[in-house]
Amino acid sequence: MSTNNSKYVPGLEGIIGAQTAISMVDGANGRLIYQGYVIADLAQEMSFEEVAFLLWHGHLPARPELDSLALELAGSRALTDAATKALAALPIDTDPMDVLRSVVSIQGVEHRLSKPTIPLAIHATGSFPTILAMFHGRQLGLEPIKPRSDLGHAANYLYMLNGKESSPEIVRALNTYLVLLADHGMNASTFTARVIASTESDLTSSLVGAIGALKGPAHGGAPSAVIEQLEQIETANNAEPWMRDARKRGVRFMGFGHRVYRVYDPRAEILKEMCRRMNPTFFELASKVEEVALKILHEEHPERPQSTNVEFYSAGVLQAIGLPKEFFTPTFAVSRVAGWSAHVLEQAAHNRIIRPQSEYIGPEPRKPVPLAERG
Ligand SMILES: CC(C)(COP(=O)(O)OP(=O)(O)OC[C@H]1O[C@@H](n2cnc3c(N)ncnc32)[C@H](O)[C@@H]1OP(=O)(O)O)[C@@H](O)C(=O)NCCC(=O)NCCS
């Protein structure tokens, strides 16, 4: 019983939900572009801080702009008293994504009435690594490690997680990961952030909603599931029988398939190469699993090409960096907060409330029967 002529599209596939200058996902050609720059060029050369600046301002920073961003980010690393107390009160076995969602909410409570601004975006971005590292330290029973203002974003995150500085190679790898994941068009969490922003709500509410959306395995929750799937497969010889049986049980292969990409995800290509270098044991099994997964997916749907997505080799890279698998998706959020906040700012600057319609498929209008007559 539709009241207008538009057609319901499951998953809003192909529907344009916003105009954006922040990033473009070119699914047919396997290209990802941030503000006009191809991701492969940014991933090799840029720091996460430069890319975050690019997403927020639309241009790459000059040296003084970058220095001042670094200073502001470093100044945003400490948590508020309320956030520190909340973090200490959470049960020790809380999922780190739930920790992030809860503590980001409390950390941002003092800005609840503010309009989204770049300083608030920086404030949130600076705090994500601290929240996660402090909780990780608590889980290990360690004293909290104070953030270091002399370290860059990736290096400081690793320092707070591990209590010591990481090698330049590991810092570079995490930095590349953070650059690659910082934005990705109208993905589910970014859409969530923009919907919330469109009601003229605050930045924190957008970020909390986005974290909730990112958590699901169809979005950012996949990389730890990739590890679990590889653990179950165990050996390259077992890949094909395990995966054929899994499909019979309706199991989806974690780290494969994408709504937009019909060719190789450019981020996955870069991460695959990093994984080959940094995590050869993972790579040996993973590359066999990849070969079998692509073969089966092609057999099942030759008309709809499916490829390896960003999550598959992310898992191997994040493992080589030394992150526990529960921290893979939260580390995705450490990066994506830059994109989320850029989209919130863009939405706020050209706002119209996002309010689509639903197609009613319930009963025809009818009269309620009084309770006494319903038996
Ligand atoms: C990412 C994902 C949610 C995209 O969903 P989507 O846009 O609805 O996917 P598509 O419309 O392209 O799927 C079409 C068909 O391919 C199948 N398919 C897609 N991804 C698959 C996967 N990873 N394993 C097995 N089959 C898959 C679907 O089952 C569907 O077939 P069906 O209609 O017969 O059930 C989906 O591919 C998925 O769940 N992947 C696994 C989780 C993952 O890696 N998430 C991280 C995303 S970055």
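What you see below is based on every heavy atom in this structure, not just the backbone, and it leaves out hydrogens, waters and symmetry mates. Note that ligands are numbered from 1 as they come in the structure, with each ligand's atoms numbered from 1 the same way. Along the sequence shown, residues carry numbers from 1.
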Exercise. Show your working on side chain to side chain contact (heavy atoms under 4.5 Å, CB included) between M134 and M160 and close with a plain yes or no.
Key: CA-CA 7 Å; M134 276 182 72; M160 282 193 295; 5.9 Å; no
Practice problem: Given salt bridge (Lys or Arg N to Asp or Glu O under 4.0 Å), test E311 with R252 step by step and report yes or no. | Solution: CA-CA 13 Å; E311 308 289 8; R252 285 193 166 201; over 6 Å; no
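For ligand 1, the 4.0 Å heavy-atom shell takes in P217, A218, H219, A222, R247, R252, F253, M254, G255, F256, G257, H258, R259, R262, L297, H301, R304, Q306, N309, E311, ordered by chain and residue number.
Listed by first then second residue, pairs satisfying ring pair (Phe, Tyr, Trp, His ring centres under 6.0 Å) with a partner in residues 155-196 read H184-H258, H184-Y261, not counting sequence neighbours. Legend: side chain to side chain donor-acceptor pair (under 3.5 Å) pairs involving residues 313-323, not counting sequence neighbours, sorted by first then second residue: N279-Q319, E290-Y313.
Its side chain within the 4.5 Å cluster rule, I33 clusters with M24, V38 among the Ile, Leu, Val, Met, Phe, Trp and Tyr residues.
Using a 4.0 Å cut-off between a side-chain N of Lys or Arg and a carboxylate O of Asp or Glu, E200 and K115 do not qualify as a salt bridge.
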